[in-house]
Amino acid sequence: WRWARTSRSGRIGFWARTEERWKTQIDEAGAKQTNITPGGNQRGKRRTHGMAEELILVNERNRAIGRAEKWAVHREARLHRAFSIFLVDAAGRLLLQRRRRAKYHSGGLWANSCCGHPRPGERTLAAARRRLDEELGARARLRFGFRARYCTALPNGLTENEIVHVYFGVAPTALALNPAEVAAVSWMTLPQLKADIARRPARYAYWLRYYLKNHYGALRRDVAAVAT
């Protein structure tokens, strides 16, 4: 698969991977299918900075037991609730996003379409819809696929310790990327993604690698259900 950008004239030209400033990258087939507006979503950008966000602390049965500030949760490796979203097109390709380099962890890595955390008092599905809008300027009807449980220490000293609700939905025909969150997007089929992770695992966020390794059957089932 190849990287591409859309110029102001609307033509697609290939580039080297230089990312001193934010750029939108999409593969050629994705450009034909999805209308992408770089920097078009300002709602999520306003919410990203200057706010102390609280997360839902849970026990191993995924029952809420409290709340805590996001940075403290990740510094102290506290178990919390999260969600991941996979958007799928009619050909069964997954929409992937590259996280902005300045993200508080896993910056510059490729991940699934969207990830996040519900806030205290917020339903997980509602939070997933909110985050889709904040990151991608997108709306989609989401269906629950499966639940994942993982814990990993990150290179910057933080720890992801999550119970994750994984959702699937049809990719919309238009996106408005939030440059405060998303550096690039691309499309890959599940087998292509699995093969590329095997070749170049360091390019991908831990949780995406975890899903492919431990939940591949569920991913294949749920992607097929959305694509059809």
Side-chain angles (χ1 to χ4, degrees), residues 43-44 47-88 94-97 99-100 103-107 109-136 138-169 178 180-182 204-219 221-223 225-226:
R43 294 183 295 275
R47 295 170 186 163
T48 301
H49 304 289
M51 281 185 144
E53 183 179 356
E54 288 192 322
L55 308 186
I56 302 171
L57 304 178
V58 297
N59 60 21
E60 291 291 346
R61 300 179 65 182
N62 196 32
R63 292 183 176 176
I65 58 172
R67 57 200 290 171
E69 191 273 328
K70 183 168 72 171
W71 279 94
V73 168
H74 289 88
R75 283 196 308 267
E76 299 165 12
R78 304 185 73 178
L79 181 60
H80 58 282
R81 187 173 296 158
F83 58 81
S84 275
I85 303 168
F86 287 85
L87 296 181
V88 186
L94 308 175
L95 176 67
L96 304 179
Q97 71 151 277
R99 293 164 63 85
R100 182 178 177 234
K103 294 281 284 187
Y104 71 105
H105 71 73
S106 307
L109 299 183
W110 285 94
N112 47 293
S113 308
C114 180
C115 300
H117 308 92
R119 297 164 177 163
E122 184 180 33
R123 290 186 175 273
T124 308
L125 179 57
R129 290 170 177 158
R130 168 180 57 80
R131 200 64 183 147
L132 263 184
D133 181 45
E134 291 175 358
E135 291 192 6
L136 302 174
R139 293 184 180 182
R141 186 173 183 178
L142 302 176
R143 63 185 297 272
F144 177 78
F146 60 91
R147 187 178 295 165
R149 166 74 170 93
Y150 77 90
C151 181
T152 185
L154 300 168
N156 63 354
L158 300 180
T159 299
E160 279 286 24
N161 186 16
E162 298 183 334
I163 293 180
V164 188
H165 298 233
V166 183
Y167 296 99
F168 296 80
N178 180 353
E181 300 285 349
V182 183
Y204 294 92
Y206 174 84
W207 58 89
L208 184 58
R209 291 185 278 120
Y210 179 90
Y211 301 153
L212 268 288
K213 179 179 179 180
N214 295 279
H215 298 280
Y216 190 80
L219 284 169
R221 175 199 67 209
D222 293 315
V223 167
V226 171

Residue from Arg67, Lys70, Glu69 passing side-chain contact (heavy atoms from CB on, under 4.5 Å) with Leu55: Lys70
Derivation and outcome, side chain to side chain contact (heavy atoms under 4.5 Å, CB included), residues Asp133 and Arg129: CA-CA 7 Å; Asp133 181 45; Arg129 290 170 177 158; over 6 Å; no
Heavy-atom closest contact (Ala148 atom, Tyr210 atom, distance): CB-CE2, 4.3 Å
Heavy-atom check, side chain of Tyr150 versus side chain of Tyr206, under 4.5 Å: yes
Any donor-acceptor pair under 3.5 Å from Ser113 side chain to Leu95 backbone: yes
Spacing of CZ belonging to Arg149 relative to CG belonging to Asn214, to within rounding of 0.5 Å: 12.5 Å
Heavy-atom closest contact (Pro118 atom, Ala127 atom, distance): CA-CB, 3.5 Å
Atom of Leu57, atom of Ala68 and distance for their closest heavy-atom approach: CD1-CB, 4.0 Å
Side-chain heavy-atom pair Arg100, Glu181 within 4.5 angstrom cut-off: no
Heavy-atom closest pair, residues Lys103 and Ala180: CD-O, 4.4 Å
Leu94 vs Leu87 side-chain heavy atoms within contact, under 4.5 Å: no
Min side-chain heavy-atom separation Phe144-Val166 under 4.5 Å: no
Any side-chain heavy-atom pair of Leu79 and Ile163 under 4.5 Å: yes
Within the 6.0 Å centroid threshold, strictly below: His215 and Phe146: yes
Distance (rounded to the nearest 0.5 Å) between Leu219 CG and Lys213 NZ: 14.5 Å
Option from Arg130, Gln97, Arg99 for which side chain to side chain donor-acceptor pair (under 3.5 Å) with Glu135 holds: Gln97
Exam field: side chain Asn178 to backbone Leu136, donor-acceptor pair closer than 3.5 Å: no
Side chain Asn112, main chain Phe86, donor-acceptor under 3.5 Å: no
Chi angles and distances behind the side chain to side chain contact (heavy atoms under 4.5 Å, CB included) call for Glu160, His74: CA-CA 6 Å; Glu160 279 286 24; His74 289 88; 3.1 Å; yes
Polar side-chain atom of Tyr167 near backbone of Arg141 as donor-acceptor pair, under 3.5 Å: no
Chi angles and distances behind the side chain to side chain contact (heavy atoms under 4.5 Å, CB included) call for Leu154, Thr159: CA-CA 5 Å; Leu154 300 168; Thr159 299; over 6 Å; no
Side chain to side chain, Leu109 and Tyr204, heavy atoms closer than 4.5 Å: no
Interatomic distance, Glu162 atom CD to Thr152 atom OG1 [nearest 0.5 angstrom]: 10.5 Å
Heavy-atom closest contact (Ser84 atom, Val164 atom, distance): N-CG1, 3.6 Å
Side-chain donor/acceptor of His80 to backbone N/O of Asn161, under 3.5 Å: yes
Positive for side-chain contact (heavy atoms from CB on, under 4.5 Å) with Ile56, one of Arg81, Glu122, His117: Arg81
Within 6.0 angstrom of Arg63 CZ, more than 12 heavy atoms from elsewhere: no
Full working for side chain to side chain contact (heavy atoms under 4.5 Å, CB included) between Phe168 and Asp222: CA-CA 7 Å; Phe168 296 80; Asp222 293 315; 3.5 Å; yes
Over 12 non-hydrogen atoms of neighbours within 6.0 angstrom of CZ in Arg139: no
